[in-house]
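The next block holds one structure in the form of structure tokens; read it before the comments.
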Amino acid sequence: MRLSRFHLVTVKESPGDAEIVSHQLMLRTGMIRKLAAGIYTWSPIGLRVLRKVEQVVREEMDRAGALELLMPAVQPRELWEETGRWEKFGGQLLKIKDRKEADYCFGPTHEEVITDFARQELQSYKQLPVNFYQIQWKFRDEIRPRFGVMRAREFLMKDSYSFHVTVEDMAREYRNMYDTYARIFTRLGLSFRAVQADSGAIGGNVSHEFHVLAESGEDAIAFSTGSEYAANVELAEAVAPATPRPAPGAALATVDTPGQKTIEDVSKFLGVPATQTVKTLIVQGRDEGSLVALVLRGDHELNEVKASKLAELPGAATFAPEGAIVAAIGCTPGSIGPAGLPAAIPVIVDRAAAVLADFVAGANVEGKHLTGINWERDARITRVADLRKVVEGDASPDGKGTLRIGRGIEVGHVFQLGQKYAEAMQATVLDETGKARTPYMGCYGVGVSRIVAAAIEQNFDGNGIIWPEPMAPWRIAVCVINPKNDEAVRKAAEELHDELQRRGVEVVLDDRGLRPGVMFADIELIGVPHRVVVSARGMEAGTLEYRARRATEAENISREALFAKLGV
RNA sequence: CGGGGCGUAGCUCAGCCUGGUAGAGCGCUACCUUCGGGAGGUAGAAGUCGCAGGUUCAACUCCUGUCGCCCCGACCA
């Protein structure tokens, strides 16, 4: 490729509304241009990168035995009525009408269409298992699209759907896809983690998300230093402390703590570490007007997802209004503690708080706290539960290593769907006894366009993008110094470009004749992994100047050494 | 959906408070000089100031409405 014939438009300044580095760099390199909120044009250079990702995904899916097909982007309402999702999908579903006023939507996902395809195509168990995939543009009318193609409304996705006679076979394919995804992200040169995800409304089903690790990630994930364990922070289990609760050593005593409301205030005032205190949160119980006390160690935070799943709560953790607390307990939230709570209030204690002895908490009297509190002796425990958010340094739930908290960008999701869609849409196959059976399904998604942004978040420096080689628009750039004034140099560069191309290297020749500084800045900005400079100076010495994108210094090498570096 | 902000040249922005008929830098075009890390000069093209009303002798500027975009939150997964 000759850059003089390519459309490359770069800019020095990035638009003020681009917040994260991938968005800024994709705009500065001209990879994408916004048409409307969350809707982008992919320019020739952007598309080159997108196609690279797409190709890796396609190769690995093919290798895993999946079959590519292509489903319509526009889907009729009737299909969505069958699964109830025309209404349930909510505002993310972009609904459109045709000239006859008939309802359609622009596909945000394709469970309905594939299940419709399956019920027509699949008649016999002999056709199973089968895994269909497509790489296609989806549209989800996000409430707040942001960060460029990271969270766009229109985005390129690889989605696949597998069909199985048995649950066991569904699980086998799930594992196959899990491994395939790991291969895809490894090949793309990304640092990632497979993370346990919420099984959601369909209980018991298994689900994993694949996250690219990056500071700017929208999801917090907890992962073990000593094993493969990783989970969404909301789901990560905080295991019970290994050490048992010590025996009581101190007598219960009341102390005046005027105006000391927060744990920080109280621990500073009394000179007691926050880890020796507990906080008591009063939330609304399942029955109208009832209250429940949730007790956590002073330095821990409530995990609302875990709390909302407690049987004593109405399905959500909602703090009780102050008035109700004063009426039931006799003091405001700053002075509440587990000792001496009314018998009607269940006391659910977090695992870490339950092993404390001689601890400090509110006295349930305004402006007073108790010291030397001990469970059973001074305060009742209705039951112990996992209530808190995990923190850095917690033991990993699988017993290996400790947890670290990081941020991730979700680029893949694998899910065992079970029979939900096949049942709703009456898809069946005949088994070996001639009986109709409802197949089990799995579904698996990869955010192809999001991967491009995620890769940049993980690979950039002050000069621009540093593409992992498999995603780079070109593998090497041949830069010519002063091609206009020096015919011999220009010819030599073209010859080198042609030779690299003959050897199967994706090469771009920067023959635009720009000043060297501008040319180098552009080539670095667009993240080409290798660069070689052809100049009069080099020709005299009989060497080429080579520099890897991540290197700080260039080196003078022979033509053969260059080919060796590229492995050609 | 609630709160906040912004729409002025291809891009980044100033001008608006205090009304008098539009500017800078970058980019773009031509020419000259320059030519190994975002060169210098000369000349030039380019904006119905998001849109629609209103106030006024006069509106980019003030008022009302509207559309678009961005941020925070809630919502959704």
Given G37(B), C35(B), G38(B), the nucleotide with the shortest approach to the side chain of Val518(A):
G38(B)
Nearest-nucleotide pick for Ile143(A), side chain only, options being A74(B), G37(B), G25(B)
A74(B)
Report the distance from atom [atom1] of [X] to atom [atom2] of [N], rounded to the nearest whole Å.
X: Lys34(A); N: G10(B); atom1: NZ; atom2: C1'; answer: 16 Å
X: Leu27(A); N: C26(B); atom1: CG; atom2: P; answer: 22 Å
X: Asn485(A); N: U33(B); atom1: CG; atom2: C1'; answer: 13 Å
X: Lys12(A); N: G25(B); atom1: NZ; atom2: C1'; answer: 10 Å
X: Met519(A); N: A39(B); atom1: CE; atom2: P; answer: 12 Å
X: Asp141(A); N: C1(B); atom1: CG; atom2: C1'; answer: 14 Å
X: Glu142(A); N: A74(B); atom1: CD; atom2: P; answer: 16 Å
X: Asp159(A); N: A77(B); atom1: CG; atom2: P; answer: 19 Å

Does a nitrogen or oxygen in the side chain of [X] sit under 4.0 Å from OP1 or OP2 of [N]?
X: Lys88(A); N: C76(B); value: no
X: Arg144(A); N: C71(B); value: yes
X: Arg515(A); N: A39(B); value: yes

Using atom C1' of each nucleotide, how far apart are G25(B) and A59(B) to the nearest Å?
27 Å
Please state the C1' separation for the pair A22(B) and C63(B) - nearest whole angstrom.
23 Å
Please enumerate all protein N or O atoms sitting under 3.5 Å from an N or O of nucleotides 28-31 of chain B, with distances to 0.1 Å.
none

With a non-hydrogen cut-off below 4.0 angstrom, is [X] in contact with a base, only sugar-phosphate, or nothing?
X: Glu410(A); value: nothing
X: Arg151(A); value: nothing
X: Arg33(A); value: nothing
X: Val11(A); value: nothing

Are the charged groups of Asp219(A) and Arg407(A) less than 4.0 angstrom apart, N to O?
no
Using a strict threshold of under 4.0 Å (side-chain N to carboxylate O), is an ion pair present between Lys491(A) and Glu495(A)?
no
For the salt bridge (charged side-chain N to carboxylate O under 4.0 Å, His left out) test, which of Arg28(A), Arg531(A), Arg550(A), Arg549(A) pairs with Glu524(A)?
Arg531(A)
Result of checking Arg388(A), Lys389(A), Lys279(A) against Glu301(A) for salt bridge (charged side-chain N to carboxylate O under 4.0 Å, His left out)
Lys389(A)
